[in-house]
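Have a look at the structure below, then the notes.
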Protein chains: 2
Amino acid sequence: MAGRGRQAEAARNDIRLLEAAHEVFTTQGFDAPVSAIAKRAGVGMGSLYRRYRTKEELLQRLCVIAVRRVVEAAEDGLAESDPWEGLAVYVRRCVAARSGALAPVAGTIEVTDEMLSATRHAMELAGRLVARAHEAGVLRADVSTLDVSLLVEQFSRPAPRPPTGTDHHVRERLLAIALDGLRAPGATPLPGDPPSTDWYEGRWGTTS
Amino acid sequence: MAGRGRQAEAARNDIRLLEAAHEVFTTQGFDAPVSAIAKRAGVGMGSLYRRYRTKEELLQRLCVIAVRRVVEAAEDGLAESDPWEGLAVYVRRCVAARSGALAPVAGTIEVTDEMLSATRHAMELAGRLVARAHEAGVLRADVSTLDVSLLVEQFSRPAPRPPTGTDHHVRERLLAIALDGLRAPGATPLPGDPPSTDWYEGRWGTTS
DNA sequence: TATTTATCGGAGCGATTCACTCCGATTAGC
DNA sequence: GCTAATCGGAGTGAATCGCTCCGATAAATA
């Protein structure tokens with residue numbers, strides 16, 4: 001065993017718990033049973049509920065971590081010298097992590113300040129990534145940052161069944177197709193207007 | 001009122017029931033409560049369960065009708081003189097009807113002969129649509145019929161929230177992007193091999 | 001109009017599932 | 001070997017779902 005004593009085991013459990021929660025929630029949706037997470041983490045319910053006093057608390061913690069990963073993906077994208085590759089890296093990483101699957105939870109649980117600021121940061125970086133691609137003329141002019149975010153969301157929707165390796169592989173193919181569709185110039189103009197920021201932010205407000 | 005008497009009302013109820021079931025199941029998933037369908041149709045539970053003896057029976061009937069719609073979409077696509085427009089019409093119609101959302105149900109309920117033959121017919125027509133586009137050189141060479149079907153499936157996944165008009169509009173934009181990505185020649189080759197037919201058909205078999 | 005009779009619609013029932021708790025078993029630290 | 005903290009899962013109360021049962025309603029008939 002790496003680490004020593006019960007505290008080390010607790011710390012390890014915490015990590016395995018977050019990984020399991022990410023896997024379960026993003027693939028099965030937020031109404032997945034907590035017991036499924038405990039089982040996947042190889043941890044008892046008691047240990048889970050000692051660390052997180054409620055399902056909502058676990059979800060909040062998970063969201064912060066997930067958004068941090070999006071920020072990292074955006075930073076890595078900006079670090080790419082080629083504007084197109086930078087955007088593509090960002091989108092691929094987000095979809096691989098199923099970042100979009102966590103977005104709809106915001107309407108279900110209370111949004112902490114930590115979640116809010118992390119999300120703002122992520123959106124700002126994504127905006128820069130898109131702007132840079134636009135300026136370089138490699139991204140079709142009629143797509144907005146929100147379109148890109150929504151594309152990620154569309155591709156990270158929970159599957160009706162537990163995804164296999166082949167499922168993952170298929171999704172990469174479809175994403176490659178969509179990425180090609182993002183390149184400038186677009187073959188056919190996009191229908192309607194780009195989605196408004198108001199709508200995007202207000203989407204999680206009205207629970208009705 | 002159009003029609004006369006209780007029998008006319010029963011017939012009307014049947015139609016409203018199927019429309020409501022389509023709407024509810026495709027947007028909320030198959031574990032949506034039957035009562036939600038009855039409510040949306042403006043019909044009591046009693047009337048619903050007189051017409052369909054079980055939830056599974058309703059689902060089976062619904063699947064047959066949904067696949068028929070796919071067949072119609074494919075026929076209309078083949079009726080188009082332009083091979084690309086034909087394929088695009090087919091995909092757009094399928095996504096608008098959320099046809100892909102019904103596919104995963106096959107692993108949950110018993111597949112009737114009617115469902116099976118209708119599905120085979122639909123797949124055959126879709127294959128012709130794709131082959132025609134390939135021959136005309138308007139569809140990128142590295143996408144298969146299965147890729148197209150899976151793209152439709154991806155875009156008809158149930159949303160975590162009841163979709164608004166704007167949601168619908170946004171999905172059309174994303175679909176337009178993906179359709180552009182399908183056109184020949186692809187900007188970047190698709191990763192990996194196209195999905196195999198065995199995998200596609202076996203996907204609904206193993207429930208584990 | 002009075003009576004019959006098929007249909008309508010929703011309250012209620014048993015089964016299932018879920019978030020969460022409680023407690024005996026286990027093991028690190030001394 | 002003793003103590004005390006942690007682990008893990010069976011158990012609890014509440015909520016939900018599929019489905020049934022039955023009083024209310026209105027078409028059909030004389």
Side-chain angles (χ1 to χ4, degrees), chain A residues 1-25 27-63 105 108-110 158 160-162 207, chain B residues 1-21 23-25 27-63 105 108-110 158 160 162 207:
Chain A
M1 286 198 215
R4 297 240 222 95
R6 287 306 255 250
Q7 294 188 356
E9 182 177 0
R12 252 179 291 122
N13 277 349
D14 195 20
I15 293 177
R16 300 181 62 172
L17 231 27
L18 285 171
E19 281 175 357
H22 180 87
E23 185 67 19
V24 169
F25 280 139
T27 56
Q28 304 193 32
F30 307 111
D31 42 6
V34 176
S35 60
I37 297 171
K39 183 162 289 182
R40 186 177 182 91
V43 157
M45 299 283 290
S47 310
L48 192 160
Y49 272 95
R50 186 181 333 285
R51 180 70 187 82
Y52 303 96
R53 278 170 302 181
T54 175
K55 186 180 186 179
E56 179 168 342
E57 193 175 315
L58 171 59
L59 226 25
Q60 288 170 332
R61 188 85 211 119
L62 184 63
C63 280
V105 83
T108 309
I109 67 177
E110 195 186 353
R161 315 176 68 75
T207 320
Chain B
M1 285 198 212
R4 297 242 220 93
R6 288 306 252 249
Q7 295 189 355
E9 182 177 0
R12 253 179 291 125
N13 278 348
D14 196 20
I15 294 177
R16 301 181 63 171
L17 233 27
L18 285 171
E19 282 175 358
E23 185 68 18
V24 169
F25 281 140
T27 57
Q28 306 192 31
F30 307 111
D31 43 6
V34 176
S35 60
I37 296 170
K39 185 162 291 183
R40 185 177 181 90
V43 158
M45 299 284 290
S47 309
L48 192 160
Y49 272 95
R50 187 182 334 284
R51 181 68 188 84
Y52 302 97
R53 278 170 301 181
T54 175
K55 186 180 185 179
E56 179 167 341
E57 194 175 314
L58 171 59
L59 227 25
Q60 289 170 331
R61 189 84 210 118
L62 185 62
C63 280
V105 83
T108 310
I109 67 177
E110 195 185 354
T207 319

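First the proteins, then the strands, lettered A, B, ... as listed; each starts at 1.
- The distance from atom CG of Leu17(B) to atom C1' of dG9(C) is 12 Å, rounded to the nearest whole Å.
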- When you look at Leu18(B) and Leu58(B), which way does the side chain to side chain contact (heavy atoms under 4.5 Å, CB included) test go after all the steps? CA-CA 8 Å; Leu18(B) 285 171; Leu58(B) 171 59; 4.2 Å; yes
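- Straight-line distance from the CG atom of Asp14(A) to the P atom of dG8(D): 13 Å, rounded to whole Å.
- Counting to the nearest Å, the P atom of dT20(D) and the CG atom of Leu48(B) are 12 Å from each other.
- dG9(C) atom P lies 14 Å from atom NZ of Lys39(B), rounded to whole Å.
- Remark: Ala20(A) engages Ile37(A), Arg40(A), Ala41(A) in a side-chain contact (heavy atoms from CB on, under 4.5 Å) (not counting sequence neighbours).
- With rounding to whole Å, Arg53(A) atom CZ is found 11 Å from dT21(C) atom P.
- dG10(C) atom P lies 16 Å from atom CD1 of Ile37(B), rounded to whole Å.
- In terms of phosphate contacts, Ser47(A) brings no side-chain nitrogen or oxygen within less than 4.0 Å of OP1 or OP2 of dT6(D).
- One atom, OH of Tyr52(B), and another, P of dG9(C), lie 15 Å apart when rounded to the nearest Å.
- No side-chain heavy atom of Val34(A) sits less than 4.5 Å from a side-chain heavy atom of Tyr52(A).
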Protein and nucleotides 14-18 of chain D: nitrogen or oxygen contacts under 3.5 angstrom:
{"unit_1": "dG18(D)", "atom_1": "OP1", "unit_2": "Ala32(B)", "atom_2": "O", "d": "3.3"}
{"unit_1": "dG18(D)", "atom_1": "OP1", "unit_2": "Lys55(B)", "atom_2": "NZ", "d": "2.3"}
{"unit_1": "dG18(D)", "atom_1": "OP2", "unit_2": "Val34(B)", "atom_2": "N", "d": "2.8"}

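- In this structure, the side chain of Ser47(B) does not engage the main chain of Val43(B) through any donor-acceptor pair within 3.5 Å.
- When the side-chain nitrogen and oxygen atoms of Arg50(A) are compared with OP1 and OP2 of dC7(D), one or more of them lie within a distance under 4.0 Å.
- Scored by the side-chain contact (heavy atoms from CB on, under 4.5 Å) test, Arg50(B) finds no partners at all (sequence neighbours excluded).
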- Task: Give the C-alpha distance, both sets of side-chain angles, the deciding distance and a yes or no for side chain to side chain contact (heavy atoms under 4.5 Å, CB included) between Met45(B) and Tyr49(B).
- Result: CA-CA 6 Å; Met45(B) 299 284 290; Tyr49(B) 272 95; 3.9 Å; yes
